[in-house]
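Report on the structure given below.
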Amino acid sequence: MSESGGKRSRLSSKAVLAVWVRSGGRCMLCNAYLLEGAMSGRTLPLGEVAHIVGQSTDPRSPRGGDLLEKALRDEADNLMLLCAQQHMEIDAKAALDVFTVEWLRRVKQEHEDRVRHLTALGPERATTVVRMVGSVHGNAVELSRETAADAVTAGRRFPLYLESYSRHGVEIDLRHIPGEQAAAAWDAESAAEASRRYYRQATKVIDDVVRNRLRPGIERESVQHVSVFGFARLPLLVYLGSLLDDTVPTHIYQRHRHEQSWVWSAESGPVTEFAAHPVQAGQDRDEAVVVMNISGIIAPSEVPRDLSALRRYEVSPMGTQAGPDILRCRASLQQMEETLRTLLARLEREAKSLRRLHVLPAVPLSAAIALGRAHHPQVHPQLVIYERLAGSYVPTLEVGQVPG
């Protein structure tokens, strides 16, 4: 810390080096990178090594009255790497009650633990973050780069932000597209038509980002693993999932409403299994219906009348009831995706003439992406995704082409 009286003794080069290395070259408070000038772009040592407990016991030395031995005050354990602004603020007399010794020690420890954890991960643990941010009938959610990075690192991976991705990963921003909120107030058919217009614009944005940003990285083999975060209306999440390369290992993340977090819970918890089974035979060989009762229940009476005579399948959890927080761990989502792949493979064997599959989804957001990933557009029938709008289920988006 800067001293207000007397001459400050020089810190040892060993202690300074240890602080820089432990901090990863970043400010321990604001995380700013301190080895590069923002304006010049040149390598510059912009950090300041600061004391937690003041260097001297003089009353004017910030936190100098602590009982820490004087011989230990210039050791790395009592030093922090800070940017100039943060250094000045924590030493300000008016803020000393906020920036206590205990608080600064905790921040230092958390920062150094995070740096050590991330740098211990080998290159095989890198992942490219894909975020699709929209709204769900007017409701938005926080899904920043930092939020995604925290969820990824909790899963023992680190986000790889390539320069071609502007250090923000691959972001699909749908928030600027007009028309999403207006549809909710109309009757079902009008809302469905408004949604289709919205989706025509939104799918172009998704296509552009995936085609021009994600796929080139996959082709160059600079993208070896993908982590997907999506908050948007279900049909768009299914569409995004259908565009993700099935040859690249992919983790899908779920926003957990109870914790307000995107971090998957510990894998030691109970895993939910799912089953897909026929509930109704049908005469039409070209079309069928899949009702996905995962986050809620779609009653038979809610199935649209023009689908009522078609062959129908249901996907539902085994041994537990459907609910919004049913996907508590990643393994449960993987179980659900495997169930969907098994169902599609079964249809491919048993119903070779099937051309369109009408899907009524009551599913968490991550499950919608998993549905898209399970679907192979060259092999499986076209998916017709339905939404509940103004009290009725209506078709709003087709995924894949109708087989010729």
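Both backbone and side-chain heavy atoms feed into the values below; hydrogens, waters and symmetry mates do not.
Residues meeting the side-chain contact (heavy atoms from CB on, under 4.5 Å) test with A71, sequence neighbours left out: none. Not counting sequence neighbours, E69 has no partner by the salt bridge (charged side-chain N to carboxylate O under 4.0 Å, His left out) test. Not counting sequence neighbours, the partners of F229 by the ring-ring contact (aromatic ring centres under 6.0 Å, His included) test are Y253, W262. For the ring-ring contact (aromatic ring centres under 6.0 Å, His included) test, residues two or more places apart in sequence or in another chain that qualify with F99 are W103. Taking the side-chain hydrogen bond (donor to acceptor under 3.5 Å, both in side chains) definition, one finds that E259 meets it with R328, sequence neighbours left out. The salt bridge (charged side-chain N to carboxylate O under 4.0 Å, His left out) search around E350 returns R346, not counting sequence neighbours. Scored by the side-chain hydrogen bond (donor to acceptor under 3.5 Å, both in side chains) test, E221 finds no partners at all (sequence neighbours excluded). Every side-chain contact (heavy atoms from CB on, under 4.5 Å) that D208 has, sequence neighbours left out, goes to N212. Taking D173 as the reference, R175 meet the side-chain hydrogen bond (donor to acceptor under 3.5 Å, both in side chains) condition, with sequence neighbours excluded.
Residue pairs meeting the ring pair (Phe, Tyr, Trp, His ring centres under 6.0 Å) criterion with at least one member in residues 334-366, sequence neighbours excluded: H358-Y386.
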Scan the side chains in residues 307-324 for donor-acceptor partners under 3.5 Å anywhere in the protein, sequence neighbours excluded, and list what turns up.
unit_1: S308; atom_1: OG; unit_2: R305; atom_2: O; d: 2.7
unit_1: R312; atom_1: NH2; unit_2: Q280; atom_2: OE1; d: 3.4
unit_1: E314; atom_1: OE2; unit_2: N293; atom_2: ND2; d: 3.4

Donor-acceptor list for residues 16-30 side chains, cut-off 3.5 Å, not counting sequence neighbours:
unit_1: R22; atom_1: NH1; unit_2: D77; atom_2: OD1; d: 2.8
unit_1: S23; atom_1: OG; unit_2: V19; atom_2: O; d: 3.1
unit_1: S23; atom_1: OG; unit_2: W20; atom_2: O; d: 3.1
unit_1: S23; atom_1: OG; unit_2: G25; atom_2: N; d: 3.4
unit_1: R26; atom_1: NH1; unit_2: N31; atom_2: O; d: 3.0

Under the side-chain contact (heavy atoms from CB on, under 4.5 Å) criterion, do V223 and R213 qualify, and how do the steps go?
CA-CA 11 Å; V223 173; R213 303 187 69 191; over 6 Å; no

Practice prompt. Please step through side chain to side chain donor-acceptor pair (under 3.5 Å) for the pair T339 and T342, ending with a clear verdict.
Written response: CA-CA 5 Å; T339 299; T342 301; over 6 Å; no

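The minimum heavy-atom distance between R73 and S56, with the atom names listed, is NH1-O, 3.2 Å. Nearest heavy-atom pair across L397 and T203 is CD1-CG2, 4.2 Å.
Of the residues listed (N78, T100, D91), the one engaging R63 in a side-chain hydrogen bond (donor to acceptor under 3.5 Å, both in side chains) is D91, and it is the only one.
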